[in-house]
S.K.: 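What follows is a single structure, and I will ask about it in a moment.
Since we're looking at a predicted model, the values are computed, not measured. Below, read A as the first sequence line, B as the second, and so on, with proteins coming before strands; counting in each chain starts at 1.
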There are 4 protein chains.
Amino acid sequence: MSAVKGARTKRMPRAVREQQMMDAAVRTFGQLGYRAASMDEIAELAGVSKPLVYLYLNSKEELFTACIRREAQRLTEAVQAAIQPGLTADRQMWAGLEAFFRHTQENPDGWSVLHRQARTHGEPFAAEVARMREEIAAFVTVLIGAAARQGVPPAPGATGSNRSAELADRDVEGLAQALVGAAESLAGWANEAGGISAKEAAGLLMNFAWTGLGGLMHGERWSPR
Amino acid sequence: MSAVKGARTKRMPRAVREQQMMDAAVRTFGQLGYRAASMDEIAELAGVSKPLVYLYLNSKEELFTACIRREAQRLTEAVQAAIQPGLTADRQMWAGLEAFFRHTQENPDGWSVLHRQARTHGEPFAAEVARMREEIAAFVTVLIGAAARQGVPPAPGATGSNRSAELADRDVEGLAQALVGAAESLAGWANEAGGISAKEAAGLLMNFAWTGLGGLMHGERWSPR
Amino acid sequence: MSAVKGARTKRMPRAVREQQMMDAAVRTFGQLGYRAASMDEIAELAGVSKPLVYLYLNSKEELFTACIRREAQRLTEAVQAAIQPGLTADRQMWAGLEAFFRHTQENPDGWSVLHRQARTHGEPFAAEVARMREEIAAFVTVLIGAAARQGVPPAPGATGSNRSAELADRDVEGLAQALVGAAESLAGWANEAGGISAKEAAGLLMNFAWTGLGGLMHGERWSPR
Amino acid sequence: MSAVKGARTKRMPRAVREQQMMDAAVRTFGQLGYRAASMDEIAELAGVSKPLVYLYLNSKEELFTACIRREAQRLTEAVQAAIQPGLTADRQMWAGLEAFFRHTQENPDGWSVLHRQARTHGEPFAAEVARMREEIAAFVTVLIGAAARQGVPPAPGATGSNRSAELADRDVEGLAQALVGAAESLAGWANEAGGISAKEAAGLLMNFAWTGLGGLMHGERWSPR
DNA sequence: TATGAATGAGTGTTCATTCAT
DNA sequence: GATGAATGAACACTCATTCAT
């Protein structure tokens, strides 16, 4: 971020250089994709010679994996840091979404690495992201459950019973999947074309999904009769 | 699909050969990605010599673009064919979703090309997919509007007015984006890990989104406070 | 041999080009060694672009193996062609040795590939040469046996019995090994420093070894004491 | 030999460090070959940092040369130490061979460096080994001469005259070459495949060569006719 | 209509070697 | 006496693309 193009600064401790390299790598991978990104380019952007990149990070694959891991951790940390345990479920979810949209907006290349590149280039990488996704999905699942117990939007004249209706595990998984997908899609759109703020995106998604989730918890179902 | 490996059949009319090549290309691009797929591989899978591929399709980029266009058209056609004009808005949306999930399930490589590969490899290709996405989003927007007029899930004690509330264009776009994202994510999950049918996926998504959409139309809003 | 440096002749049938490449490879490997030889160099010497070398011969390793095989076959063929079945054992051996020395003299690079390079660079290659060596050693063993039956240099007052004495298999192997080693060493010396003809080398080796072999067959032994 | 892997012991006198490095180098060169051995590997095996290797031994080439020299000296010393001046020529030769086979068996990496690697990698190195070879060959030549004067295996009914026949210098050189080659070949075989002891190998070679040599000294000749 | 023959330009990776401390 | 940090130059290998037939 500081040096747009390799201003070959000399003699840095290893840890620092490694971060510089990964910054350059995330940027390059994020914008060009795994295959199109060349180690030459990354090295130059990092202001280092190529052998040094290999000395520290061993191979393109390992470098990519390291990027994925770092960005995944940063993202989950950002989301989790935003959630304050004392709040109601809906407030928690909103806070999490807002942090998610904010973080992806501020780190578009990291987000591209996670969302687009990693999932596009074979098992080993996809698995790395899948872990993060599951972590988040699990968390969302918990929120949904909590919401149900706290009494979610009652939807007064609802056809279902008032007690939290049973939702098959599979369905919950699917819902989390849908929610995360919606958020991801929205993130991409908000950052590129939409030009809306993280807060707006979070509100939009809450409006879109929260009521439906609540309804489901109370046993409402849509069915093509 | 017919010939697993290039059974060099001779002298075919151009149109047929072209389709064979694109079949091979979609399969290869879908499974390996744009950069990892090699023209050699595609030509061999198509049962043709490489120069012929170039003769008909000019370059790797054009070939990829052609694949995207073909698959995008097939997908939108499948979705639109499923929608019968006479039905209510919710039935129409359900039918569209069902067709979407079915088609992506039956054409995983084509779906991979559209969803993963095309969007991962630079503007020219992403634009091609964006067109399709907009087409669908526009269509969804119309449905939402129609739903509002037909009186969507009234949510009886709703806080909003009964008249269809104004939704900013930007918001509608965002909603469509979220819906499509949710559907895409669900499609990936359904095909790979989830193992659920197209009908189930469509139902799940309707449950998830339809109430919320309806609520929005009637002016309900979730807001953090 | 014709073109000292890549006179890029155009459009040759594959078989011809392959031989050209292998000629260049044998020369380069023979003079520089496996590791020091670069594919660029080989390609240039062959008057071809590097990708073509890979297209036809797949990898440096396979190219090297192909060279070894070709040169091994040529050498054994040369030796075997020289041996006329009707002759006595000693004449046969002499003829074989003479052919061996002649061939190695005329193909120093091929000989270097077989004798030096192949055995120096790891199992897969050494095994290839070992096959040839065993073929020749087996052949030599047969000759020794035949010699014994035909009555080899009687060594008139020999201390051993007149019947062909038993030689343990292990010993015969060892003898063949020694003979082949002597021949190889002599070949190197004759070609480089010695400047003696193939005929002379063959005579020298017969003088050196034949009597001893004969003695052994009749049970003579040297023992320290 | 003491430390299998660089147990970075600190602050050693230069001479000791140098020997450690050369031990590591001989091992690495012997097993991997000159080109395949990397300075990194050698430094690590020696338990030293790479710059130190350069400080003491200047370059890969010089390091290799130093290894060759050291191993060559050790080998010739071992051989010469085994020979007791008072003995008959044949006993001397046997003792020398035995020492040769024993030493190579006990120092396979050093032997590999001398026999395989040095001769395979260009003039500068080969010359170093050639010197050792010549030293030994010269010594063998002397032995052969001595044997002639002492009256070697008379081969009682020999066709040649009883006086030591004239052998052209060139021939003697060639014979020594053959003998050394046979010994070398036998050494490789004995160590790897044959699994025979140094004593056995020496005996085998004496049986193989000594009679022939003796015959030659008395003017016996094999000639093709 | 269709292909065997051929290549320029680039990729990831490694290695011997040197500073600065 | 000893090392962590760094690189220029090369190497094996691949790919999209074209030419001549």
S.K.: If you assign A:Ser38 and C:Arg35 each to the DNA chain E nucleotide with the nearest heavy atom, which residue ends up on the more 5' nucleotide?
M.R.: A:Ser38
S.K.: Would you name the heavy atoms of C:Phe29 and C:Lys60 that are closest together and state the gap between them?
M.R.: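 Looking at all heavy atoms of both residues, the shortest contact is CE2-CE, 4.1 Å.
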S.K.: Look at A:Arg17 and F:dA6 and indicate whether a side-chain polar atom (N or O) is within less than 4.0 Å of OP1 or OP2.
M.R.: yes
S.K.: Any donor-acceptor pair under 3.5 Å linking the side-chain atoms of C:Gln73 with those of C:Arg70?
M.R.: no
S.K.: Specify the separation, in whole Å, of atom CD of C:Glu18 and atom P of E:dA6.
M.R.: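 Taking atom P of E:dA6 as the reference, CD of C:Glu18 is at 11 Å.
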S.K.: Can you label the angle between the B:Phe64 ring and the B:His121 ring as parallel, tilted or perpendicular, going by 30° and 60°?
M.R.: perpendicular
S.K.: When you measure from the side chain of C:Tyr54, which nucleotide among F:dC13, E:dT17, F:dA9 comes out closest?
M.R.: F:dC13
S.K.: Using a distance-only criterion (donor-acceptor N/O pair, under 3.5 Å, no hydrogens), is the base of E:dT3 paired with the side chain of B:Lys50?
M.R.: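 Donor-acceptor pair under 3.5 Å: no.
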S.K.: To the nearest Å, give me how far apart CG (C:Leu55) and P (E:dA5) are.
M.R.: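 The answer, rounded to whole Å, is 9 Å.
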S.K.: Please name the residue in the list D:Ile68, D:Val129, D:Val113 that meets the side chain to side chain contact (heavy atoms under 4.5 Å, CB included) test with D:Arg119.
M.R.: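 With D:Arg119 as partner, side chain to side chain contact (heavy atoms under 4.5 Å, CB included) holds for just one option, D:Val129.
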S.K.: Which one, F:dT7, E:dA5, F:dT17, comes nearest to the side chain of B:Pro51?
M.R.: E:dA5
S.K.: Can C:Asp109 and C:Arg116 be counted as an ion pair, charged N to O under 4.0 angstrom?
M.R.: no
S.K.: Minimum heavy-atom separation for C:Tyr56 to C:Glu18, with atom names?
M.R.: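 Taking every non-hydrogen atom into account, O-OE2, 3.7 Å.
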S.K.: So B:Arg14, base contact, sugar-phosphate only, or nothing? Heavy-atom distance under 4.0 Å.
M.R.: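 Nothing: the residue B:Arg14, judged by heavy atoms under 4.0 Å, touches no strand.
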S.K.: Could you pull out all residues at least two apart from B:Glu61 that satisfy side chain to side chain donor-acceptor pair (under 3.5 Å)?
M.R.: none
S.K.: Regarding F:dT17, can its base be found pairing with the side chain of B:Lys60 as donor and acceptor, where the two atoms are less than 3.5 Å apart?
M.R.: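 In this structure, the two groups form no donor-acceptor pair.
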S.K.: What's the closest nucleotide to the side chain of D:Ser59 if the choices are E:dT17, E:dT13, F:dA5?
M.R.: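 Per side-chain heavy atoms of D:Ser59, the pick is E:dT17.
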S.K.: Between A:Tyr56 (OH) and E:dT13 (C1'), how many Å, whole number?
M.R.: 18 Å
S.K.: Could you check whether C:Ala36 gets within reach of a base, just the sugar-phosphate, or nothing at all, counting any heavy atom under 4.0 Å?
M.R.: nothing
S.K.: Ignoring the backbone of A:Arg11, work out which of F:dC19, E:dA20, E:dT13 is nearest its side chain.
M.R.: E:dA20
S.K.: What is the distance, rounded to the nearest whole Å, between atom CG of A:Asn58 and atom C1' of E:dC15?
M.R.: 16 Å
S.K.: In whole Å, what is the span from the CG atom of B:Leu52 to the C1' atom of E:dA5?
M.R.: 16 Å
S.K.: How close or far is atom P of F:dT7 from atom CE of A:Met21, stated in whole angstroms?
M.R.: 8 Å
S.K.: What is the separation between atom CG on B:Asp40 and atom P on E:dT7, rounded to the nearest whole Å?
M.R.: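 To the nearest whole Å, that distance equals 16 Å.
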S.K.: F:dT14 C1' sits how many Å from B:Glu41 CD, rounded?
M.R.: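 So the two atoms are 12 Å apart, to the nearest Å.
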S.K.: Calculate, to the nearest 0.5 Å, the distance between atoms CZ and OG1 belonging to C:Arg35 and D:Thr120 respectively.
M.R.: 13.5 Å
S.K.: Does DNA chain F take part in any stems of at least 3 consecutive Watson-Crick or G-U pairs (both distances under 3.5 Å), and if so, which ones?
M.R.: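 So the stems come out as E:2-21 with F:2-21.
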